Each structure stands twice: as structure tokens, then as C-alpha cells.
Amino acid sequence: MTSAKRDLKLDGERFRALSLSSFDMLSEVDQTGRVTWVSPNHARLSGFEPHALVDRLGLQSVLPDDQPLVAEQFKKLFERGENARATFRTRDEHGAIRWIECTGTPVRSPEGDVRALLLSRDVTEQKETEARLEASRERFQTIAENAYDMIVEHDERGNVLFANDETLRNLGVDRHGRWTREPLLMVVPEDRPELQRALRAIMAGDPPPTTTYYRVVRPDGGISSIEARFRRYVTPDGGIRIHTIARDITDRLENERRVQASEARYRELVEKSPLGILVVSGGKIRFANAAGAGVCGAESPEALLGHTMLDLLHPEDRVAIPKLIKRIERGQPVADLAEVRLRGLDGVVR
């Protein structure tokens, strides 16, 4: 056997081994699109039985919307003699849609006619994964852009990779995700150390604090109180990302301060009132001011707590007054004023 024949035989054996073991499908088509040869693994990977592959027209299984694309690639192969590449959809024997990525190379047969050698791969799973990722990205984008919270993603160097509209309005980030001010410098100086400790812990992979509070100077010069949560994750390529979900709680804190101030004023008014005031729930005294303790003959308001009204009523008033209290507790109408005799804890009747 000559050297050329040995090389040709060796090339044939290599090609056969490749066609048997490859994860790609090899096939040959003529200028009409008729399949003239398929690799042994083609049937297993394509979802078609072997007898259904040879003599099959190449465009027959391609979805109509993708046929113009495939036809254009056929022109490159057979009319211009160029390599071609396309990704398109087909239907297998069971009617399921499959995504195929295909490259083609024009070759000439021993008879002199042009054929195309196609190398195909089923990329359906990849396309489905990409579709799920895109749907997930769109859901995240929709939620983030319509959220009342500020949502920011940045890398370990502090570069903003994403910032929603609420962040743009509150913290001064431009449409390209660039801070219009140095991020840490917008934080009130007294609050920076605590925020820096939280960020260092997150970057180191330590458990983040449940919630971090700090104040920032808004672009208009005002001060906003921020409630934030940080989460760290590592990308498949090893990059570190920090997600921040923050909320401007300035109004909430101001309302809380107003409520606390109102409660303090109310408590001071009640405790210093010259009128005796008692709060009764379930028949027992839950609160009394100093004047109320005096009316009930107690040494202090605390000495009254836990006593029932029956303990303080004159025996002759122990029927009418409890009924009156029950009507009040049920929200039923009663007279604005009622006279009652109390026998105080000191034994004096008032």
C-alpha cells in the first residue's frame, strides 16, 4: 500500500471515529437540500430514526419563520462556495421544537458535484436557559424599576452596575449608574464608621447585619435617614457583587418622633392633672394619676394597680356602677356624669 493510500485510509478511520464519538451531528446534503449521508450518532442526537434521515429534504423540518435564513446559508454554500453558519429551529419526529446551531462547508464529491458537509449541534437546552434568564432579568427589572425602595448593585470596587429610579431620585446617581458624588462622602460623617464596618464584614464574607441605619446628604442639601440591607454574592467568574436594598425612613422617623412627643405631652398632662384619672379594663385599674390615687385613698398610683372597682366602691353602689362600666366598655351611651361613693384604701368614704 502506498503512503498516499495509507494516509487516506488513516484519515478515513479518524473521520469515522470522530463521527462516532462526537457530540455534534455530521451530515452531508446536496444542492437540492437532500440529505445524502449522516453520521452514526446523528439519529441519537437529532431525535429522528435513521431511516427518516437519509433522503430527507434539509428545509423540510425547519420552522417556516427560519427557512429564509437557512435558504440564504444554502446560497452561500452552493452558489458562492463560502462557509455558512446559522442557528434555527426544527421539529423532531414527535413534533417538539429543537434549536439547532449549524456550520457548513462546501465540498466536492468524486463525481464533481458540490455537496455541503454540515456540523450541527442541538442547543435547545442552552436557548431555554437563556430564555429563562431573560425572563428572570425582565421580572427583576420590572420589580426594581417600580419598587418604592432603592435598589443598587455594585462590585467590590464600588462601581455601580445597576441603580433603579428611586435611587436616582434620592442619592444622585446618573442614568449610567455613576455616582454624581463620592458614595461615602454623601454619608453624614458621624455615621460613616458604622457603615464602613458593615461593608467590610460583607466583603469579607461574614454574616451581614440584619439592618444598617445611616444618614445621607441629599443632592439638594437636605438630610435623609436610610434603612439598608446588604447582601453579597459571587458571580460564576469569581467576581464579588453587593446588592443593597435601602429605604428612606426620614418621614417615618419624624412621625415616630411626633407621636412620642405627643405621648410625652399627654402623659405629663394626665399625670399632673388636678382631676383624678383612672383607666379601668376588665374591671381592674390599669392606670392612675397622682390625683386619682388621692381620691381613692392610695399612697401612690402604683398602689392602685390591679385593684378592682368593687374594692373601692361603697357597698350600696356595687351594683349600679359596675353596670355603668360595662355599658361604657360595650360602647353604649351613658350619662356624662355619675355620682359614686368610694371607700378608699385608707378606709375613708368620699
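Quantities reported herein were computed from a predicted structural model and do not represent experimental measurements. Along the sequence shown, residues carry numbers from 1.
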Give a yes or no on whether Leu324 atom CG has more than 12 heavy-atom contacts from other residues, nucleotides or ligands under 6.0 Å away.
yes

Okay, side chain of Ser224, backbone of Val216: is any donor-acceptor separation there less than 3.5 Å?
no

Is there any salt bridge (charged side-chain N to carboxylate O under 4.0 Å, His left out) pair reaching into residues 274-289, and which pairs are they, with sequence neighbours excluded?
none

Would you say the side-chain atoms of Glu256 and Gln260 include a donor-acceptor pair closer than 3.5 Å?
no

Mark yes when over 12 heavy atoms from residues, nucleotides or ligands other than Glu134 sit less than 6.0 Å from its CD; otherwise mark no.
yes

Pick from Arg192, Gln196, Arg197: which one makes a side-chain hydrogen bond (donor to acceptor under 3.5 Å, both in side chains) with Glu194?
Arg197

Atom pairs and distances, donor-acceptor, side-chain atoms in residues 266-281, under 3.5 Å, two or more places apart:
| from | atom 1 | to | atom 2 | distance (Å) |
| --- | --- | --- | --- | --- |
| Arg267 | NH1 | Glu271 | OE2 | 3.2 |
| Glu268 | OE2 | Lys272 | NZ | 3.2 |
| Ser273 | OG | Leu275 | N | 3.1 |

Contact between Phe88 and Cys102 at the side-chain level, heavy atoms closer than 4.5 Å - yes or no?
yes

Please list all pairs passing the salt bridge (charged side-chain N to carboxylate O under 4.0 Å, His left out) test where one or both residues lie in residues 339-350, with sequence neighbours left out.
Glu316-Arg341, Asp317-Arg341, Asp346-Arg350

Check the side chains of Tyr233 and Glu153 for a donor-acceptor pair under 3.5 angstrom, ignoring hydrogens and angles.
yes

Sole residue of Thr105, Leu77, Leu26 in side chain to side chain contact (heavy atoms under 4.5 Å, CB included) with Leu118
Leu77

N/O donor-acceptor pair under 3.5 Å between Arg85 side chain and Thr103 backbone
no

